[in-house]
Number of protein chains: 2
Amino acid sequence: MLKIGIEQEDSQYSLRAKVFQQLEEDILDGKFKSGDSLIETKLSQELGVSRTPIREAIRQLELEGLVKIVPNKGAVVLGISTQDIEDIYTIRMLIEGLAVRWATEKINDEEIEKLKESIELSEFYTRKNNMQHLQRFDSRFHELIYEACKSKPLKHVLTTFHHYIQKARMSSFAAPGRASDALKEHKAILEAMIERDCDRAEKLMYEHVKNASANLIKAKKQNQN
Amino acid sequence: MLKIGIEQEDSQYSLRAKVFQQLEEDILDGKFKSGDSLIETKLSQELGVSRTPIREAIRQLELEGLVKIVPNKGAVVLGISTQDIEDIYTIRMLIEGLAVRWATEKINDEEIEKLKESIELSEFYTRKNNMQHLQRFDSRFHELIYEACKSKPLKHVLTTFHHYIQKARMSSFAAPGRASDALKEHKAILEAMIERDCDRAEKLMYEHVKNASANLIKAKKQNQN
DNA sequence: AATCGAAAAATTGTATGAATATCCTATCTC
DNA sequence: GAGATAGGATATTCATACAATTTTTCGATT
């Protein structure tokens, strides 16, 4: 098994983190719909833990904007609408280019190696047509750049957004040819980064997000028909 | 007393919210420095509440990126550096224009009235030279626009950032002439919005944030000398 | 004197109990 | 019959108790 430096999920350490992940996934996947209310006792029975970790996880979801807490009444799911996802792509078009620009200015050899590795693995799984793993390393490419840009606020916002749109990305990859196009775009971006060409890297990333967004909207229209 | 529609702080309702606000403020104000560890029992004694609300607040701070939680070990303060604040201004230059563009497209009469009101109050306190209240309504102008852009993700990120840089803004206003310049810029932005001139509003907001950023950096340099 | 290790202290993680607020419903009044 | 109201049920909030883990202390051994 290839050893890669994907950051460990802290879910193995605390119930709270597990519950948080579970609830977040359930909301993003639509198992909890907007307007559903999260009852502590019910959840604690379903998940087999006490109310304490449940409460802490719900409080975190509130700060993520995924639920709304009304004092003394409880938490209702807000979820993410397709409009939210479109907005996120629009925002990413504006700032993900900045991230790759800063990353290009500040990246070190080790980080470049990791980027290369993520692209190699993406190629591997593209050929294998394994969408699950493909998305994983496609995601990793972006998150490595967020890390490499060395800006806490920029990394924070992009990571959060990236997390939100995971589900949308999945269906986006299903479009024929999109996966290999995205891979080509990633390669071009990395090439520009290695040549320390900030302008080109920024422009390429802008185009990449724009293409992904266009692809997503196209896929959405097709689903409606 | 003039009745204005500032959203209520929910701190009056729950201990957790109070603790969260307190800790957040202490971190942003620098009372807790980066690297400090937050001990639950110590905080619970100092604030006179049990550990439960403390824990919940700390978990929220983690999601805001203000503290880092190491499982079974505790929470350490991360805080906000001056570099973080500069980065936030750079990001805002890119996306706050988008917010005002969307707001211009979607704003209704009631929201325009609120913007007018916030500007009138800013004028009042500018003449009075009351910086505390001035900042309050300057902030309100921006937050009304975040609300009016009707995009949950955009509002979320800008509100968070705005919150982070409160302290920096305060010192920025102290620069002679900056407060009245900012007010003029706000007026121009609102005018463009009322005329439904998206392009102009967007450009003016970009310039506004750019000016604020430049002013901040200038003030920072002066403080160093 | 330095190091290792075990016991003790400190701290976090989880569960549960007590108090309070809200909601629902049945009953009463007009 | 419609609306108000009281009371029980339900859920949240906060506190506390207990468990698990980490850190510190301190003494024994090399």
Side-chain angles (χ1 to χ4, degrees), chain A residues 7-27 31-79, chain B residues 7-27 31-79:
Chain A
E7 51 278 13
Q8 288 198 339
E9 315 269 341
D10 63 351
S11 61
Q12 57 190 174
Y13 294 111
S14 79
L15 281 181
R16 185 214 92 241
K18 275 184 204 166
V19 172
F20 176 75
Q21 258 185 230
Q22 181 68 55
L23 291 179
E24 188 189 39
E25 194 187 318
D26 286 350
I27 292 173
K31 283 176 200 162
F32 289 121
K33 292 170 190 167
S34 282
D36 286 0
S37 56
L38 299 177
I39 311 294
E40 290 174 11
T41 47
K42 199 185 280 183
L43 290 171
S44 84
Q45 284 170 2
E46 285 174 13
L47 301 177
V49 300
S50 78
R51 279 152 34 218
T52 304
I54 305 274
R55 276 182 66 78
E56 291 177 353
I58 290 177
R59 291 303 177 280
Q60 290 195 301
L61 291 171
E62 181 194 23
L63 222 75
E64 240 192 347
L66 255 30
V67 308
K68 177 178 169 59
I69 293 178
V70 183
N72 290 316
K73 288 179 115 181
V76 297
V77 175
L78 293 180
Chain B
E7 50 278 13
Q8 289 198 340
E9 316 267 342
D10 63 350
S11 62
Q12 60 190 136
Y13 293 112
S14 80
L15 279 181
R16 184 213 92 242
K18 274 185 203 165
V19 172
F20 176 75
Q21 258 185 230
Q22 181 69 54
L23 292 179
E24 188 188 40
E25 194 188 317
D26 287 350
I27 292 174
K31 283 175 200 163
F32 289 121
K33 292 171 190 167
S34 282
D36 286 0
S37 56
L38 300 176
I39 310 294
E40 291 173 9
T41 47
K42 201 184 278 182
L43 290 171
S44 85
Q45 284 171 2
E46 284 174 13
L47 301 176
V49 299
S50 78
R51 277 175 53 217
T52 306
I54 305 273
R55 278 181 65 80
E56 291 176 356
I58 290 177
R59 293 304 178 280
Q60 290 195 302
L61 291 171
E62 180 194 25
L63 224 75
E64 240 192 345
L66 255 31
V67 308
K68 177 178 170 58
I69 293 178
V70 183
N72 289 315
K73 287 182 130 181
V76 297
V77 175
L78 294 180

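Every chain is numbered from 1 and lettered A, B, ... according to where its sequence line falls, protein lines coming before strand lines.
Nearest to the side-chain atoms of B/Asn72 among the listed nucleotides D/dT21, C/dT16, D/dT16 stands D/dT21. With distances taken from any side-chain atom of A/Thr41 to the nucleotides D/dT13, D/dA15, D/dA11, the minimum falls on D/dA11. Residue B/Pro53 places its side chain closer to D/dA15 than to any other of D/dA15, C/dT22, C/dT12. The listed nucleotides are D/dC14, C/dT11, D/dT13; the one nearest the side chain of B/Ile39 is C/dT11.
Side-chain contact check for A/Thr41 versus A/Arg51: some heavy-atom pair is nearer than 4.5 Å. A 4.5 Å side-chain heavy-atom check between A/Arg59 and B/Arg59 finds every atom pair outside the cut-off.
Distance alone, capped at 3.5 Å, places no donor-acceptor pair between the B/Ser37 side chain and the B/Ala75 backbone. The backbone N or O of B/Leu63 lies less than 3.5 Å from no partner atom in the side chain of A/Gln60, so there is not a single donor-acceptor pair.
Rounding to whole angstrom units, CD of residue A/Glu40 and P of C/dT14 are separated by 15 Å. Rounded to a whole Å, the CD atom of B/Gln45 is 12 Å from the P atom of D/dT16. Between the C1' atom of D/dT13 and the CD1 atom of A/Ile54 lies a distance of 16 Å, rounded to the nearest Å. B/Phe20 places its CZ atom 16 Å from the P atom of D/dT13, with the value rounded to the nearest Å. In this structure, A/Ile69 atom CD1 and D/dT13 atom P are separated by 7 Å, rounded to whole Å. Rounded to whole Å, atom C1' of D/dT13 lies 14 Å from atom CD of A/Glu62. With rounding to whole Å, A/Arg51 atom CZ is found 12 Å from C/dA18 atom P.
A donor N or O paired with an acceptor N or O is not found under 3.5 Å between the base of C/dT14 and the side-chain atoms of A/Arg55.
For A/Ser50 and C/dA15, the shortest distance from a side-chain N or O to OP1 or OP2 is below 4.0 Å. Phosphate proximity of D/dT13 to B/Arg16: absent, as no side-chain N or O sits under 4.0 Å from OP1 or OP2.
Nearer the 5' end of DNA chain C, as judged by each residue's closest nucleotide, is the contact made by B/Leu38, out of A/Lys73 and B/Leu38. Residue order along DNA chain D, read from the 5' end via each residue's closest nucleotide, puts A/Gly74 first among B/Val49 and A/Gly74.
Residue-level contact check: B/Leu43 touches neither bases nor backbone, having no heavy atom under 4.0 Å from any strand.
The two residues A/Ile58 and A/Val67 have their closest heavy-atom pair at O-CG2, 3.8 Å.
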